[in-house]
Amino acid sequence: EPTENLTVDYGFDDSSMEYGNHFYQVIEGPRAVSGRQEDATPLRGQTPSNTEVWGHNLTLSWALSDSMTLKSITAYRDLDSDINMNFIDAFTQDRTMNQDQLSQELQLIGEADGGRVNYVVGLFYIEEDADETLASLFAGGALVDSWFVHAESESTAGYAQVDWTPPVLDDRLKLTFGVRYTDDTREATKTYVNPGFTPAVTGLVIPGKLDFDSLDPMVNVAYEISDNINAYVKYSTGYRAGGFNAQSTPAYFAPGYDQEEVEAWEVGVKSDFLDGRARLNIALFDNEYTDLQVDQARTPPVFVDTLNAGEAGIKGLEVEAVAVLMPGLTFNVFYSYLDAEYDSFIDGGVELASVRHVPNSPDWQVGAGLEYAFPHMDFGNFILNIDYRAQDDFYAGPIENTLSPDYQVWNARLQLADIPVSHGAMRVALWGKNLDDEEYRLSTTNLGVISAQFGAPRSTGIDVIYEF
């Protein structure tokens with residue numbers, strides 16, 4: 001049972017969501033819709049989608065001594081979803097997914113040498129099991145293309161990180177060393193239930209199994225230039241496991257795709273000034289990817305293959321600033337610049353780097369926000385948030401015709417928090433999103449004609465949240 005040396009935290013969450021589906025509309029040619037399409041035939045995929053997610057989490061923390069803690073984190077999650085999608089009113093897709101996962105993590109956290117050394121050593125394990133079905137219906141169901149995939153995965157990792165403040169330079173230097181070893185297994189079996197476009201493979205069952213591993217180090221050197229300014233240089237490598245794309249063509253499913261690796265450098269400055277009322281953070285980064293995983297739409301567009309296209313470089317700048325303008329009023333702003341390009345992009349043995357684009361990499365993004373906390377009232381605390389975000393045009397996919405234009409969005413939220421209740425905590429919020437009703441694209445693609453998915457129109461709502 002819990003003691004002063006042992007704490008037990010348990011949580012359970014359950015959420016059920018009903019929401020609008022994915023909808024693509026024609027934006028070029030004689031069938032193009034001007035602006036954002038507001039309605040479509042109800043029989044063609046416009047019924048709401050729904051998702052239910054629930055889970056348990058248990059955290060045990062055992063203080064072995066004044067300088068050492070053992071922590072166990074156990075979690076289980078279950079997801080069930082039914083998603084309806086409409087693609088230019090030409091075909092619809094119904095996707096169902098049932099997925100569950102169990103994870104376990106152990107951490108040993110401590111300090112040594114009078115606090116000059118802080119460390120964490122850990123083990124992590126997660127297993128996932130999923131079933132997915134997708135049915136694509138053309139001409140109201142005259143042609144159907146459907147498949148079923150069962151997938152399982154396991155991931156095991158061990159990691160360690162040490163922060164050391166050596167007794168030099170007035171203790172302003174901090175060195176951080178970390179390492180992580182990861183071992184992943186991916187298994188998947190795809191059954192072509194009713195492949196309307198390739199009837200010759202009806203009933204075909206394609207199994208696949210892949211194993212991956214990676215050893216990734218991290219080194220960070222930080223130096224306090226003054227009590228309010230900290231500069232750092234960081235080097236690390238990372239990896240993303242390969243696997244199987246459920247929407248792959250028969251030729252690409254079984255081989256799957258390989259792991260992606262990145263080598264990353266970052267240099268930056270973090271600073272506080274004006275007696276802690278303002279903060280400015282600046283970072284420059286350079287990430288070099290090999291075996292980059294890229295989704296490539298095929299013909300017909302119900303097929304999407306994931307390729308290890310080759311190599312890419314993504315470098316850029318990030319600036320963040322926060323300032324307290326007056327009691328209760330806070331201003332924040334951010335800016336980012338990206339320079340992303342392929343050094344190599346191979347598809348079908350052909351080098352295509354000169355005509356391919358790194359997806360979702362706008363040259364710039366900018367945002368700003370204001371938060372005002374009103375003076376305290378007996379029935380709660382009012383907080384007003386207003387935020388603005390804009391970004392440059394971007395490619396939703398690697399090919400030229402996926403270019404989406406720049407856009408900007410305004411949002412606002414007025415919250416009454418800390419409402420007095422007998423048990424727990426309660427808050428109520430009134431919010432508005434896309435206040436100027438901007439018509440902007442989330443994605444652009446080629447579905448036989450150039451098509452796009454638009455962002456939501458102006459929307460308002462109210463949240464009532466009770467925590468206990």
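Numbering starts at 1 and runs along the sequence shown.
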Legend entry - Listed partners of Y235 passing side-chain hydrogen bond (donor to acceptor under 3.5 Å, both in side chains), at least two apart: E263
Legend entry - Atom pair CD (Q415) and CD1 (I462), whose distance is rounded to the nearest 0.5 Å: 11.5 Å
Inset, instruction - Evaluate the side-chain proximity of Y19 to I83: yes if any heavy-atom separation is below 4.5 Å, no if none is. - result: yes
Legend entry - Closest non-hydrogen atom pair, I206 against A254: CG2-CB, 3.4 Å
Inset, instruction - Check for a donor-acceptor pair, side chain of D258 on one end and backbone N or O of G242 on the other, with a separation under 3.5 Å. - result: no
Legend entry - With sequence neighbours excluded, residues passing salt bridge (charged side-chain N to carboxylate O under 4.0 Å, His left out) with D9: none
Legend entry - Closest non-hydrogen atom pair between A312 and L292, with its separation: CB-CD2, 3.7 Å
Inset, instruction - Answer whether the closest heavy-atom distance between the side chains of N434 and S459 falls below 4.5 Å. - result: no
Inset, instruction - Give a yes or no answer on whether the side chain of E351 reaches the backbone of F345 with a donor-acceptor pair at less than 3.5 Å. - result: yes
Legend entry - Under the side-chain hydrogen bond (donor to acceptor under 3.5 Å, both in side chains) test, residues paired with T156 that sit two or more places apart: none
Inset, instruction - Would you name the heavy atoms of H357 and I399 that are closest together and state the gap between them? - result: CD2-C, 4.3 Å
Inset, instruction - Please test D406 against F394 for side-chain contact (heavy atoms from CB on, under 4.5 Å), starting from the C-alpha separation and ending with a verdict. - result: CA-CA 7 Å; D406 60 342; F394 65 98; over 6 Å; no
Inset, instruction - Using only heavy-atom distances, determine whether the side chains of T306 and D295 contain a donor-acceptor pair under 3.5 Å. - result: yes
Inset, instruction - State, yes or no, whether a side-chain contact exists between D291 and E261 at a heavy-atom distance under 4.5 Å. - result: no
Legend entry - Test: D171 and R116 ion pair at under 4.0 Å: yes
Inset, instruction - Determine, using ring centers only, whether F253 and F244 are less than 6.0 Å apart. - result: yes
Legend entry - Where G461 and L430 come nearest, the two heavy atoms and their spacing: O-CD1, 3.4 Å
Inset, instruction - Find out whether K209 and T189 are in side-chain contact, i.e. whether some heavy atom of one side chain is under 4.5 Å from a heavy atom of the other. - result: no
Inset, instruction - Check for a donor-acceptor pair, side chain of K190 on one end and backbone N or O of A246 on the other, with a separation under 3.5 Å. - result: yes
Inset, instruction - Answer yes or no: is there a side-chain heavy-atom contact under 4.5 Å between Y342 and V358? - result: yes
Legend entry - Side-chain donor or acceptor of S361 paired with backbone N/O of P359 under 3.5 Å: yes
Inset, instruction - Work out which heavy atom in A130 is nearest to a heavy atom in Q99; give both atom names and the distance. - result: CB-CG, 3.8 Å
Legend entry - Y337 ring center near W364 ring center (under 6.0 Å): no
Legend entry - E132: partners by side-chain hydrogen bond (donor to acceptor under 3.5 Å, both in side chains), with sequence neighbours left out: R95
Inset, instruction - Using modelled atom types only, decide if a donor and an acceptor are shared between the side chain of D100 and the backbone of E128 within a distance under 3.5 Å. - result: no
Inset, instruction - Name all residues meeting the side chain to side chain contact (heavy atoms under 4.5 Å, CB included) criterion together with A412; count only those two or more places apart in sequence or in a different chain, and write none if there are none. - result: I386, L435
Legend entry - With sequence neighbours excluded, residues passing side chain to side chain contact (heavy atoms under 4.5 Å, CB included) with T182: S155, A157, R180, D184, Y239
Inset, instruction - Could you verify whether a donor N or O on one side chain and an acceptor N or O on the other, from E371 and N385, lie under 3.5 Å apart? - result: yes
Inset, instruction - State, with a plain yes or no, whether a side-chain heavy atom of D463 is found less than 4.5 Å away from one of W431. - result: yes
Legend entry - Pairwise side-chain contact, Y395 with S404, heavy-atom cut-off 4.5 Å (strictly under): no
Legend entry - Side chains of Y252 and Q247, donor plus acceptor under 3.5 Å: no
Inset, instruction - Classify the side-chain pair S226/N228 by whether it contains a donor and acceptor separated by less than 3.5 Å. - result: no
Inset, instruction - Give the C-alpha distance, both sets of side-chain angles, the deciding distance and a yes or no for side-chain contact (heavy atoms from CB on, under 4.5 Å) between L108 and L64. - result: CA-CA 10 Å; L108 183 65; L64 302 177; 4.0 Å; yes
Inset, instruction - Taking salt bridge (charged side-chain N to carboxylate O under 4.0 Å, His left out) as the test, write out the residues that go with D347, two or more places apart. - result: R298
Legend entry - Donor-acceptor pair between Y407 and E439 side chains, under 3.5 angstrom: no
Inset, instruction - Please determine, by modelled atom types, if D80 and N98 share a side-chain donor-acceptor pair under 3.5 angstrom. - result: yes
Legend entry - R277 side chain to L274 backbone, donor-acceptor under 3.5 Å: yes
Inset, instruction - Report yes or no: does T176 contribute a side-chain atom to a donor-acceptor pair with the main-chain N or O of D163 at less than 3.5 Å? - result: no
Inset, instruction - List for me each residue that meets salt bridge (charged side-chain N to carboxylate O under 4.0 Å, His left out) alongside D129, sequence neighbours excluded, and say none if there are none. - result: none
Inset, instruction - List in chain and number order the residues that pass side chain to side chain contact (heavy atoms under 4.5 Å, CB included) with D14, two or more places apart in sequence or in another chain; answer none if no residue qualifies. - result: F12, E52, W54
Legend entry - Shortest non-hydrogen separation from F454 to L442 and the atoms involved: O-CD1, 3.9 Å
Inset, instruction - Please report the C-alpha distance between E318 and E266 in whole Å, then the side-chain angles of each, then the deciding distance to 0.1 Å, and finally whether the side-chain contact (heavy atoms from CB on, under 4.5 Å) criterion is met. - result: CA-CA 11 Å; E318 293 181 345; E266 182 176 341; 5.9 Å; no
Inset, instruction - Would you give the length of the straight line joining atom CD of E127 to atom CD of Q104, rounded to the nearest 0.5 angstrom? - result: 11.0 Å
Legend entry - Pairwise distance CZ(F148) to CG(L134) - rounded to 0.5 angstrom: 12.5 Å
Legend entry - Backbone N/O of T249 and side chain of D305: donor-acceptor pair under 3.5 Å: yes
Inset, instruction - May I ask you to test the L79-S81 pair for a side-chain heavy-atom distance under 4.5 Å? - result: yes
Inset, instruction - Could you tell me which residues satisfy salt bridge (charged side-chain N to carboxylate O under 4.0 Å, His left out) with R441, sequence neighbours excluded, listed by chain and number? - result: none
Inset, instruction - Compute whether any side-chain donor of one residue and acceptor of the other, for Y125 and E154, lie under 3.5 angstrom apart. - result: yes
Legend entry - D13 and R77 ion-paired at < 4.0 Å: yes
Inset, instruction - Using atom types as modelled and distance alone, determine if a side-chain donor or acceptor of N50 lies under 3.5 Å from a backbone N or O of E18. - result: no
Inset, instruction - Could you tell me whether a side-chain N or O of S344 sits under 3.5 Å from a main-chain N or O of E311, the two making a donor and an acceptor? - result: no
Inset, instruction - Could you name each residue pair satisfying salt bridge (Lys or Arg N to Asp or Glu O under 4.0 Å) that touches residues 228-242, not counting sequence neighbours? - result: R240-E260
Inset, instruction - Go through Y119 and M68 one step at a time and tell me if the side-chain contact (heavy atoms from CB on, under 4.5 Å) criterion holds. - result: CA-CA 9 Å; Y119 61 86; M68 186 180 298; 3.2 Å; yes
Inset, instruction - Give, for atom CG of L123 and atom OG of S72, the distance between the pair rounded to the nearest 0.5 Å. - result: 11.0 Å
Inset, instruction - List for me each residue that meets side-chain hydrogen bond (donor to acceptor under 3.5 Å, both in side chains) alongside T330, sequence neighbours excluded, and say none if there are none. - result: none
